[in-house]
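Below is one structure, written out as C-alpha cells; the observations come after it.
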Amino acid sequence: MADASKIAELQDTLRQQKGLQNLTNRINAATGIPQMVAEVRPLLIDLFRVEAAHVYVREKGRKDVHTFIAPAGQTAEVKTALGPQTLPGYVVNTGKMIHVNDVGDPGQTEAYQDFPLGEGENRRFGVGVRQILAMPVFYGGETIGAVEVINKKEAAPFGQKEPALLQNISGLLGVALYNFLLIDPKAKRLKGTYLVSNGLITQEAMDRAKEEARVTKEPLQDVLVKKFNISKEDVGRACEFFWQCKFVSFDKKTPIPGELLKNLKRDYLIREVWVPLEKTEKGVRVIMDDPQDILRRDAIQKSFKIKSVQFDVALKEDILQFIDLFMQSGAEEASFSDLLGKLETGEGEKKEEPEDVDESDSAIIQLVNKIIGDAFNRRASDIHIEPNVIDKNVLVRFRVDGDCALYQTVPYSYRSALISRIKIMANLDITVKRVPQDGKIKIKRSGADEIELRVVTIPTQGGVEDVVMRILAKGDALPLSAMRMSEKNYQDILKICEQPYGMILVVGPTGSGKTTTLHAILNHINKPDRKIWTAEDPVEITQRGLRQVQVQPKIGFDFAAAMRAFLRADPDVIMVGEMRDFETAKIGVEASLTGHLVLSTLHTNSAPETISRLLDMGIDPLNFADSLLAVLAQRLVRTLCARCKEAYHPSREEYDQIAQSFGAEYFEKQNLPYSDALTLYRPKGCDECDQTGYKGRIGIHELLLNSPEIRKLAIDRQESIETLRKTAMDHGMLTLYQDGVLKAFQGLTDIKQVHRVCVTSK
C-alpha cells in the first residue's frame with residue numbers, strides 16, 4: 001500500500017511538472033494578453049484539478065482589473081472592480097495571497113478583513129466559491145495582475161504544494177504581462193504595436209488603418225477611433241506607449257491659459273494642430289497630434305521664445321475642441337486671444353506701477369463682459385478675480401455646484417485695468433484700494449435676461465485687490481415638490497404653510513438655497529385671496545401675485561422699515577429676506593402674533609441653534625414661543641451623476657460607522673439592516689458630468705416643528721441646544737446629517753458629500 005501511495009504521489013508530481021511545462025510553453029508562445037489569458041485558463045484547470053481558474057490583468061491608469069474568456073471561440077473581455085468587492089479585486093488591491101479551503105468557516109476567513117467570502121458571494125462565470133487559492137502577480141515591485149483557482153474537483157483541500165506551484169506560475173505570468181503591457185523601455189515601439197499585441201485590433205486591420213491615415217492625411221489615432229471603433233482610452237494608452245508622453249482628452253473644464261494665447265491666432269493653431277494647455281514650473285505644456293514632428297516643435301519653441309516646452313499628445317478632434325474652448329468667437333464678441341492681443345503691451349509686466357492698460361480700453365470692457373457671460377453660461381454662482389503676486393498672473397476662478405475651479409489666467413500687467421473696470425461697472429471708487437468696497441452690477445444682454453451681480457473688492461497681500469462677484473440667479477419660483485424633501489418633511493411643510501398666522505424660519509449659510517425654498521413655499525400659498533408682501537435684497541425670483549420690494553439700506557429703507565410699512569398695507573403673508581437684527585426679529589414676532597404669516601431667513605447652523613440665537617437677541621421668550629411654527633435648516637450637497645454613478649456593497653465597518661454617526665437608536669428606526677443586497681453609490685465620471693461623477697445639487701433638510709415641549713424649553717431658556725435637539729429628534733426630527741445619509745441610501749448623493757456640509761449627530 002505504501003508503494004502504491006508513493007507511485008501515485010510520483011505520478012501526480014510528474015503530471016504537475018508536465019502541466020507546468022505546457023503552461024510555460026503556452027505563455028511564451030502567446031502573441032498578446034487576450035490570447036494568453038484565454039488559453040492559460042484550461043491549462044490551470046487541468047493542472048490544479050479545479051472547477052474554474054482565471055488570470056486577471058491590471059493596466060496602469062485603469063480603475064479595474066480584467067480577464068479574457070473565449071465563449072464560442074471568440075475572446076471577450078470581462079472587467080472586475082479594483083477593490084474589496086470581488087476576489088481578484090481584493091488580491092490586486094492588497095497584494096495578499098488568499099488560501100481558504102472552506103469559505104463557510106469563519107476561522108479560515110477572519111484573516112481577510114472586509115472581504116466578501118460568503119457562500120456564493122462571488123458567483124462569477126456560474127461558479128459559486130467554496131474553496132479559493134489566489135495569488136497576486138508582481139513584477140518590478142508593482143502588482144500587475146492576479147491568478148486564482150477555485151474549488152477542487154475531488155473532495156480534497158488545497159494542500160501545501162499548490163500555493164508554491166501557483167506562486168511559480170505567478171512569477172511566469174509577471175514577466176509575460178510586463179512585456180505584453182509594454183512597460184519595458186527596451187521593447188520595440190511601433191505605431192499600433194500596443195493595440196495589436198493586446199488583441200484590440202488585428203494586424204491586418206491595423207495595416208488598413210495605416211493606409212487610410214496615409215491617404216486621408218489624418219492622424220492614425222483619429223482614424224482608429226472614428227473608423228475602427230477602438231475606444232479613446234485604448235488609443236490613449238497606445239499613444240502614451242509610442243510617444244512616451246501623456247495622452248490628453250478634451251475636458252471643457254480646463255482653465256483657459258490666457259497669458260499663453262495672447263500672441264497666437266486661432267487659424268494658425270487650427271492649421272498646425274496644436275494648442276498650449278498651461279504654464280508649469282518646467283515651462284509651457286503643449287498638446288499636438290504628433291509630438292515627434294520636429295518642424296512643428298521648433299516653431300512652437302520659437303513662438304514662446306523658450307526651449308523648455310513639454311509636448312503631450314491628443315486626438316486632432318480633441319485639440320480642435322480645446323482651440324474652440326480657449327478661443328471662442330461669436331458674431332458679437334472677440335476671442336480671448338484677440339482681446340489679449342489688443343491689450344499687448346510688450347514689457348508692461350515689468351513695470352512696477354500697474355497702469356499698462358487703461359480700464360476704458362474696449363478690449364478690457366469686452367474681456368470683463370466675456371468673463372461674466374461665460375460664468376453665467378457655465379451655471380457659476382461666483383466669479384473670483386485673484387492677482388497672483390508669486391506667479392505674476394491673474395487667476396479667474398468660477399464656483400460651480402459649490403466647488404471652485406480655475407477658469408483662465410490673464411497676464412499680470414492687466415490686473416489694475418481689469419479690477420478698475422469692474423469697479424466702474426459696480427459704481428465703486430477706483431481710487432480707493434486699501435479698504436474693501438461692495439456694490440452691484442447689472443448687465444443687459446440682447447435677446448436674453450439681464451445678469452445681476454453682487455460685487456466685493458478686498459485688498460490682499462502684495463498691494464493688489466481681489467474681486468468676488470456673486471451672480472444673482474433670476475428666475476421663476478420652483479414648486480415645493482421640486483425641493484426633494486423627505487416625505488415626512490414635505491407633508492409637515494404643507495401643513496405648516498397653510499396656517500393663517502405664525503412664523504416660519506429657513507436657516508443656513510449663504511448660498512444654501514434658503515431664498516429658493518421660501519419662494520417655493522410662497523408659490524404653494526400664492527392664491528388670489530391672499531395678500532403677500534416680500535422685502536428682499538435683492539429680488540432674485542419673481543412671481544405673479546406677490547408684491548415684491550427691493551430694500552435700500554444705504555438710504556435707510558432696510559428690512560425693519562419695509563416690515564413696518566407692510567403692516568400698514570393690509571398683509572396676509574409677509575416674507576422678509578433676513579432677520580439681521582433685533583428690530584427686524586421683534587417686528588416679525590409681533591406681526592405673527594397679530595394674525596399674519598411671517599416667513600424669513602437666518603444665518604444659523606441648525607434648527608435648534610436658531611431658537612437660541614433669537615432669544616439671545618433679546619426677543620421676548622413667551623411671544624417667540626407662541627409665534628414660532630417651524631424652523632427649516634438646509635444645506636446643498638452635490639448629486640451623483642445619474643448616468644455614471646457606480647453601485648457598490650458597503651463593508652460592515654463602513655455601515656457601522658454610518659449607523660454610529662447617524663445615532664444607533666434612530667438608525668434602527670429607518671429599517672436599513674445590513675445585508676448582501678444593501679447598496680450605496682459612489683462617483684465614477686463620464687462626459688456628461690465632466691468626469692467629476694457629480695452633476696447638480698440637492699437640498700438636505702432639518703425641520704424642527706414647534707410643540708408643547710419645545711415651547712416650554714424656549715420659555716424657560718434654561719436648557720442647552722443639545723436638549724432642544726434631543727427633544728425635537730424624539731418627536732421625529734431628522735438632523736441635516738441624518739437626512740443626508742438617507743438621501744445617500746436613495747442613491748442621490750454619497751456619504752462623502754454629506755460629511756462636507758454638516759457635522760454628525762453624536
Side-chain angles (χ1 to χ4, degrees), residues 255-262 279 333-376 378 380-400 404-445 451-472 554:
I256 298 174
E259 58 186 330
L260 300 178
L261 297 171
K262 59 185 179 183
K279 194 172 184 179
E333 60 177 16
S335 70
F336 272 112
S337 62
D338 292 338
L339 293 173
L340 295 172
K342 293 177 183 178
L343 294 168
E344 180 58 38
T345 59
E347 301 298 318
E349 47 260 61
K350 296 182 181 178
K351 300 178 183 179
E352 291 190 11
E353 183 61 34
E355 297 298 332
D356 309 324
V357 184
D358 191 85
E359 62 272 4
S360 62
D361 192 302
S362 63
I364 277 288
I365 295 172
Q366 293 178 62
L367 185 61
V368 172
N369 290 343
K370 183 167 181 58
I371 290 172
I372 295 172
D374 285 354
F376 184 82
R378 294 187 181 204
S381 60
D382 299 88
I383 306 168
H384 297 255
I385 312 291
E386 303 167 347
N388 189 330
V389 297
I390 298 174
D391 296 331
K392 296 299 180 183
N393 58 14
V394 181
L395 306 180
V396 181
R397 297 199 291 165
F398 291 167
R399 185 181 295 279
V400 180
C404 257
L406 184 61
Y407 164 61
Q408 71 154 325
T409 57
V410 175
Y412 192 63
S413 57
Y414 307 157
R415 66 194 182 282
S416 185
L418 194 65
I419 292 170
S420 293
R421 174 58 191 167
I422 294 171
K423 284 184 173 181
I424 291 170
M425 296 172 71
N427 293 320
L428 303 179
D429 190 340
I430 64 172
T431 64
V432 176
K433 299 181 179 181
R434 296 184 179 181
V435 295
Q437 299 184 71
D438 60 87
K440 291 182 181 178
I441 294 176
K442 288 186 178 180
I443 297 179
K444 293 184 178 179
R445 303 185 301 163
I451 303 175
E452 187 172 354
L453 304 100
R454 257 197 316 244
V455 181
V456 60
T457 67
I458 302 176
T460 51
Q461 186 272 335
V464 296
E465 290 180 281
D466 278 28
V467 175
V468 178
M469 296 180 280
R470 163 150 290 194
I471 298 176
L472 305 174
K554 291 182 180 179

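We're numbering straight along the sequence, starting at 1.
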Let me check something: any side-chain donor-acceptor pairs from residues 456-467 under 3.5 Å, sequence neighbours excluded? List them with distances.
| from | atom 1 | to | atom 2 | distance (Å) |
| --- | --- | --- | --- | --- |
| Thr457 | OG1 | Gln437 | N | 3.3 |
| Thr460 | OG1 | Val464 | O | 3.3 |
| Thr460 | OG1 | Asp466 | OD1 | 3.3 |
| Glu465 | OE1 | Lys423 | NZ | 2.8 |
| Glu465 | OE2 | Lys423 | NZ | 2.9 |

### Query
Which heavy atom of Ala375 sits nearest a heavy atom of Ile471, and at what distance?
CB-CD1, 3.9 Å

### pair Leu418-Val394: side-chain heavy atoms closer than 4.5 Å
yes

### Query
What is the distance from atom CG of Asp391 to atom CG of Leu395, rounded to the nearest 0.5 Å?
7.5 Å

### Message
So Tyr407 and Arg378, do their side chains get closer than 4.5 Å, heavy atoms only?
### Response
yes

### Task
List in chain and number order the residues that pass side-chain hydrogen bond (donor to acceptor under 3.5 Å, both in side chains) with Asp429, two or more places apart in sequence or in another chain; answer none if no residue qualifies.
Thr431

### Query
Just wondering, do Val468 and Arg399 contact through their side chains at under 4.5 Å, heavy atoms?
no

### Query
Given side chains that start at C-beta, do those of Pro255 and Gln408 come closer than 4.5 Å, heavy atoms only?
no

### Query
Are side-chain heavy atoms of Ile371 and Phe376 found at a separation under 4.5 Å?
no

### Query
Hey, are the side chains of Val368 and Ile422 touching, using non-hydrogen atoms and a 4.5 Å cut-off?
yes

#### Entry: Counterpart residues, side-chain hydrogen bond (donor to acceptor under 3.5 Å, both in side chains), relative to Lys442 (two or more places apart)
none

## Note on the structure
With sequence neighbours left out, the residues meeting salt bridge (charged side-chain N to carboxylate O under 4.0 Å, His left out) with Arg470 are Asp382

#### Entry: Min side-chain heavy-atom separation Ile383-Ile372 under 4.5 Å
yes

### Query
For the atom pair CD1 (Ile441) and CD1 (Ile451), what is the distance rounded to the nearest 0.5 Å?
10.5 Å

### Shortest non-hydrogen contact from Tyr412 toward Asn388
CE1-O, 3.6 Å

### Query
Mind checking what makes side-chain hydrogen bond (donor to acceptor under 3.5 Å, both in side chains) contact with Arg397, not counting sequence neighbours?
Glu386

#### Entry: Partners passing salt bridge (charged side-chain N to carboxylate O under 4.0 Å, His left out) against Lys279 (at least two apart in sequence or in another chain)
none

### Query
Rounded to the nearest 0.5 Å, how far apart are CD1 of Ile256 and OG1 of Thr409?
9.0 Å

### Message
Please find the pair of heavy atoms, one from Met469 and one from Ile385, that lie closest to each other, and give the distance.
### Response
CE-CG1, 4.3 Å

### Query
Is any side-chain heavy atom of Arg421 less than 4.5 Å from a side-chain heavy atom of Ile365?
yes

### Query
Does the side chain to side chain contact (heavy atoms under 4.5 Å, CB included) test come out yes or no for Val410 and Asn393, once each step is laid out?
CA-CA 6 Å; Val410 175; Asn393 58 14; over 6 Å; no

### Query
How long is the span from the CZ atom in Phe398 to the CG atom in Asp374, to the nearest 0.5 Å?
6.0 Å

